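These numbers were taken from a predicted model, which means no experiment stands behind them.
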Amino acid sequence: MAMLEGLAPKAIIDLAPDMKIHYIGSVKAGETIKLTAELPIVPTHHYNDPEVAPGKLDIVLVPGPDPFVPIDKVAAKWLKAQGETAGVDILSVCTGIFVCGEAGLLKGREACGPRGILDLIRSKGYGEKKLVGDKYRWTQDGNLWSSGGITNGNDMVAAYCRATPKHFPRPLVEIACELADVGDRGREYRKSQSAYMFTLVINTVRAWLMSWRRK
């Protein structure tokens, strides 16, 4: 918190939780993982490391992988154990819903997911009770929080922080949301699913026409 000294009142700094962030992956700590955008990240831990075993973490944030790349079975097993551990909350962003599905965390639950690929999620047979990604930016069912695509993850995290004062004091959350300009969008989409799909289709046609004219 030293970087905030002189920028924020002491009362705000004193409210800040003592957090430790782990980057957990399928390679050894210190090795690199290349993301789909070619950006490498360096994990701090492997799934098998005792420091990140079930019961050691409070929150597990699952980012969105390429949905057409097979999910690492070790990762799925580790995530399943985390989700079944009391006191651990699972936050799934975008296509992270596929990882949660492979881990068996969607069975009998309401879940979200990117609204453009809900049929793909259903085709996996994860056993979810209901997918609501066509209507909501995020949803919660027990200790599983899941969001729609990309920036909907910001809305979900803001809602999660507001709903979890044991980790995040409300005044601190509201200040953080205000500074980051997030958390003010409603949970429900303003645009219907049919209007959303129409926008995708009409612009796909426009793109095809532009490509054809360039030939």
Side-chain angles (χ1 to χ4, degrees), residues 24-26 33 35-37 47 54 57 59-86 88-161 163-164 182-183 185-208:
I24 307 163
S26 56
I33 295 177
L35 307 184
T36 52
Y47 300 113
L57 305 175
I59 304 166
V60 177
L61 179 68
V62 185
D66 182 339
F68 299 104
V69 173
I71 304 300
D72 186 293
K73 294 187 181 300
V74 176
K77 182 178 179 180
W78 177 86
L79 184 60
K80 178 179 175 62
Q82 295 288 349
E84 294 175 345
T85 300
V88 178
D89 292 322
I90 309 296
L91 277 61
S92 169
V93 177
C94 194
T95 53
I97 200 73
F98 290 97
V99 185
C100 292
E102 292 293 334
L105 299 182
L106 302 190
K107 289 181 180 178
R109 284 177 161 178
E110 180 177 286
C112 206
R115 65 191 308 196
I117 56 173
L118 296 180
D119 286 341
L120 178 59
I121 299 171
R122 292 188 183 96
S123 73
K124 297 292 185 178
Y126 292 141
E128 67 277 354
K129 179 175 67 176
K130 186 178 182 181
L131 287 178
V132 296
D134 58 333
K135 186 176 182 181
Y136 298 121
R137 291 188 170 92
W138 58 269
T139 193
Q140 176 201 3
D141 192 330
N143 70 333
L144 175 66
W145 292 67
S146 55
S147 82
I150 314 173
T151 58
N152 294 156
N154 294 334
D155 303 299
M156 178 190 69
V157 170
Y160 173 78
C161 290
T164 319
V182 297
R185 294 198 300 184
R187 179 181 173 226
E188 188 169 348
Y189 290 117
R190 292 183 179 180
K191 183 178 288 187
S192 67
Q193 184 72 356
S194 58
Y196 165 80
M197 293 304 296
F198 176 78
T199 300
L200 296 184
V201 170
I202 196 66
N203 282 286
T204 298
V205 172
R206 290 175 64 190
W208 179 82

Looking only at heavy atoms, which two atoms of Arg187 and Glu110 are closest? And how far apart?
NH2-OE2, 3.8 Å
Give the C-alpha distance, both sets of side-chain angles, the deciding distance and a yes or no for side-chain contact (heavy atoms from CB on, under 4.5 Å) between Asn152 and Arg115.
CA-CA 11 Å; Asn152 294 156; Arg115 65 191 308 196; over 6 Å; no
Could you state the interatomic distance from CG (Leu106) to CG (Leu144), rounded to the nearest 0.5 Å?
6.5 Å
Could you list the residues that satisfy side-chain hydrogen bond (donor to acceptor under 3.5 Å, both in side chains) with Lys191, not counting sequence neighbours?
Thr199
State whether the side chain of Arg137 and the backbone N or O of Gly148 hold a donor-acceptor pair below 3.5 Å, judged by distance alone.
no
Who are the ring pair (Phe, Tyr, Trp, His ring centres under 6.0 Å) partners of Tyr160, not counting sequence neighbours?
Trp145
How close do Cys94 and Gly149 get, heavy atom to heavy atom, and via which atoms?
SG-CA, 3.7 Å
Restricting to ring pair (Phe, Tyr, Trp, His ring centres under 6.0 Å), what partner residues turn up for Tyr47, sequence neighbours left out?
Trp78
Shortest non-hydrogen pair, Ser146 vs Cys112, comes out as OG-N, 2.9 Å
Less than 4.5 Å apart, any side-chain heavy atom of Phe98 and any of Leu120?
yes
Heavy-atom side-chain contact between Thr36 and Val69 under 4.5 Å
no
Would you say that more than 12 heavy atoms from the other residues, nucleotides or ligands in this model lie under 6.0 Å from the OH of Tyr196, or not?
yes
